[in-house]
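Here is the structure we will look at, set down as structure tokens.
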Amino acid sequence: MQKQTIDAIQIIEIPKISDPDGRGNLAVVEKNTLPYEVKRVYYLYDVPSDASRGGHAHIELQQCLIALSGSFDVLLDDGNNRTKVHLNKPNRGLIIPSGIWRELENFSSGAVCLALVSEVYKEEDYIRDYNAFVSYKTM
Ligand code: TYD
């Protein structure tokens, strides 16, 4: 949504089942864990520590990012305000609504960023130019 602000960003705790016999944890994302239906799953890995991913906003797509392994920072911008979220726990999800600019950076070695998203891939849904994004938000 065009007028969405960074206040609509959510950090959720993904339900975790810890094992009584010390065999580790199991985290579950199922129907109703996220505020939308997941239509696509992808993940980023082997990202160099000096690389920046993202650098775009989506018109419709909503997504949840999870640091399955390692850590990284997500810079979020609604055209007026910015915030930064550090993700470093496999049972924490960052829900980014549509209409928010995001940049992912500072990936640790071995970091894996899982994205659970609400739409199939459509290049027309991306705004990849920051100035165009700011104009879109003020339209
Ligand atoms: P992009 O979404 O720009 O990646 P990031 O935000 O992580 O930097 O996508 C990178 C490239 O991969 C771009 O050319 C589009 C392509 N792509 C697909 O073909 N399918 C997909 O599901 C995604 C997410 C990207």
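Numbers here simply count residues along the sequence, with the first being 1. All ligand and atom numbering here is 1-based and tracks the order in the structure. For the numbers below, each heavy atom of this structure counts, side chains included, while hydrogens, waters and symmetry mates do not.
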- Message: Considering non-hydrogen atoms of the protein only, which is the closest contact for atom 21 (C) of ligand 1, and what is the distance?
- Response: R40 NH1, 3.2 Å
- Query: Would a search of protein heavy atoms around atom 12 (O) of ligand 1 find one under 4.0 Å away?
  - Reply: no
- Message: Once you measure the plane-to-plane angle for H58 and H56, does it fall in the parallel (<30°), tilted (30-60°) or perpendicular (>60°) bin?
- Response: perpendicular
- Does ligand 1 have an atom under 4.0 Å from some heavy atom of R128? yes
- Message: Tell me the protein heavy atom at minimum distance from atom 2 (O) of ligand 1, and give that distance in Å.
- Response: Y126 OH, 2.6 Å
- Message: Under 4.0 Å from a heavy atom of Y42: which atoms of ligand 1 are those, numbered in the order shown and with their elements?
- Response: 24 (C)
- Nearest non-hydrogen protein atom, atom 25 (C) of ligand 1: Y121 CE1, 3.8 Å
- Ignoring angles and geometry beyond distance, decide whether L44 reaches within less than 3.5 Å of ligand 1 through its nitrogen or oxygen atoms. no
- Query: Is it true that the side chains of Q63 and Y42 contain a donor and an acceptor less than 3.5 Å apart?
  - Reply: yes
- Query: If we only count N/O pairs under 3.5 Å, is E123 in contact with ligand 1?
  - Reply: no
- How about atom 23 (C) of ligand 1: does it have a protein heavy atom within less than 4.0 Å? yes
- Is there a protein heavy atom less than 4.0 Å away from atom 6 (O) of ligand 1? yes
- Note on the structure: Ranked by distance from atom 4 (O) of ligand 1, the top protein heavy atom is R53 NH2, 3.4 Å
- Message: Hydrogens and angles aside, do Y121 and E123 bring a side-chain donor and acceptor to less than 3.5 Å of each other?
- Response: yes
